[in-house]
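Order of the sequence lines sets the chain letters (A, B, ...), proteins ahead of strands, with each chain counted from 1. Atom set for the values below is all heavy atoms of this structure, side chains included, hydrogens, waters and symmetry mates excluded.
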Protein chains: 2
Amino acid sequence: MADNDAAPRTPGRTTPQPEPLWREVLGRRLRAHRMEQQEKLAETAERAGISPQYLSEIERGRKEPSSEMIAAVAGALGITLIDLTQQVAEDLRASQPQAARVPARAMLALAA
Amino acid sequence: MADNDAAPRTPGRTTPQPEPLWREVLGRRLRAHRMEQQEKLAETAERAGISPQYLSEIERGRKEPSSEMIAAVAGALGITLIDLTQQVAEDLRASQPQAARVPARAMLALAA
DNA sequence: CCGCCGATCTGCTGTGAGCAGAATCGGGTG
DNA sequence: CACCCGATTCTGCTCACAGCAGATCGGCGG
C-alpha cells in the first residue's frame, strides 16, 4: 500500500522547482484525516456520495477531483474547505526545502 | 465583466455552510495576481502554455483546471503553489462569516 | 462609420473523471 | 498448509467535460 508514482504531464511548467501537485498533497491530507478518524474508505465514501474505489484514487493523487467532490469529501470528514486548504498549504510548505518555507511576502520585505 | 454564475452540481454536499468552491476562489486569486502584474490574458496564457480563452474560464471558475494546469499558470505568474494555496486559504477564510474564521484547532482548544 | 483589441461565448472532440467488477493484499482460523 | 473475509487497489468502460479554435461582444480611437 505504498505507491505514489503519479504520472507527471507538465504542459507548461515554468517553475524549476519540483513542487508536488495539488492533487497529491490534497489526497494525502484527506487520507490522513480519514485515518485519524479511523474510518474505512467505504464509510467516508458513502457519506460523501462517491465510490470507495474513487476515494482511494483521490487520496493517492491518481484522479483530479472536481471542486464539488473536494467539498463533498471534506464535508464527509467533518472539515471545512477553509481548514482543508490551509492544511494543504502547510503540507506543501513542509514538503519543500528550507528556503521555500519563507513566505513570498517576507522575502519582498527583506528585499525592500 | 462581472459574472460569477458557477453552475453548482453538488453530488454529496454534507456541509450545511454555503462555502464557495475551490475553483472559484482559486480563479479569483489567479486573476488578481495577473491584474497586479497588469498582464493580458493572452500574455499569461502564452507563458503557461494554454489558450487565453481557457485561462479566462479558469479565472472565472468555469472550468476545473488539472493540478498541472494550476502549476503552469502559477509558474507563469511567478508564484509558487505553496503561496498560491496559502492565499486561496486566506481568501476562503475572508469570504466567510465571522465564526468560520476561527481555525478548527482553536475551536477544539476552547472546547477543552 | 470602421478597425483594433481584450475578453467572453459557442460548439466541438479527445481525454480522463467516476464507476462496477475483478484482482490483490493482509490478517485470521482450522 | 488451505480457506475465508474485509479492505484496498487494479482494470476496463462510458460519458461528461477539459481544453481549444473560431465567432462574437463591448469599448476605444481615428
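- Judged as a side chain to side chain donor-acceptor pair (under 3.5 Å), and not counting sequence neighbours, B:Ser66 has no contacts.
- You'll find that the side chain of B:Arg60 is closest to C:dC9, out of C:dC9, C:dA7, D:dT9.
- Regarding B:Glu64, its CD atom lies at a distance of 13 Å from the C1' atom of D:dA16, rounded to whole Å.
- Ion pairing of A:Glu59 with A:Arg28 is absent here, as no side-chain N (NZ or NE/NH1/NH2) approaches a carboxylate O to less than 4.0 Å.
- Listed by chain and residue number, nothing satisfies the side chain to side chain donor-acceptor pair (under 3.5 Å) test with B:Glu57 (two or more places apart in sequence, or in another chain).
- Between the CD atom of B:Gln38 and the P atom of C:dA7 there is a distance of 12 Å, rounded to whole Å.
- Between the CG atom of B:Leu55 and the P atom of D:dA18 there is a distance of 15 Å, rounded to whole Å.
- Not one side-chain nitrogen or oxygen of B:Ser56 sits closer than 4.0 Å to the OP1 or OP2 atom of C:dA7.
- For the OP1/OP2 pair of C:dA17 and a distance below 4.0 Å, the side-chain nitrogens and oxygens of A:Arg62 include no atom meeting the criterion.
- Every residue was checked against the side chain to side chain donor-acceptor pair (under 3.5 Å) condition with A:Gln37, not counting sequence neighbours, and none meets it.
- Atom CG in B:Leu26 sits about 15 Å away from atom C1' in D:dA18, given to the nearest Å.
- Take A:Gln53 and apply the side chain to side chain donor-acceptor pair (under 3.5 Å) test, not counting sequence neighbours, and it matches no residue.
- Looking at heavy-atom distances under 4.0 Å, B:Lys63 makes contact with a base.
- When the C1' atom of D:dA18 is taken as reference, atom CD of A:Glu68 falls 14 Å away, rounded to whole Å.
- For the ring pair (Phe, Tyr, Trp, His ring centres under 6.0 Å) condition, the pairs that include at least one residue of residues 22-42 of chain A, sequence neighbours left out, are A:Trp22-B:Trp22.
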Do any N or O atoms of the protein come closer than 3.5 Å to N or O atoms of nucleotides 21-24 of chain D, and which pairs are they?
unit_1: D:dA21; atom_1: N7; unit_2: B:Gln53; atom_2: NE2; d: 2.7
unit_1: D:dG22; atom_1: O6; unit_2: B:Gln53; atom_2: NE2; d: 3.1

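- Considering only side-chain N and O atoms, B:Arg34 lies under 4.0 angstrom from the phosphate OP1 or OP2 of C:dA7.
- Rounded to whole Å, atom P of D:dG27 lies 18 Å from atom NZ of B:Lys40.
- When each of B:Arg47, B:Arg34, B:Arg31 is checked for a salt bridge (charged side-chain N to carboxylate O under 4.0 Å, His left out) with B:Glu39, only B:Arg47 meets the rule.
- Counting to the nearest Å, the C1' atom of C:dA7 and the CE atom of B:Met35 are 10 Å from each other.
- Computed from coordinates, the A:Glu46 CD to D:dG6 C1' distance equals 16 Å when rounded to whole Å.
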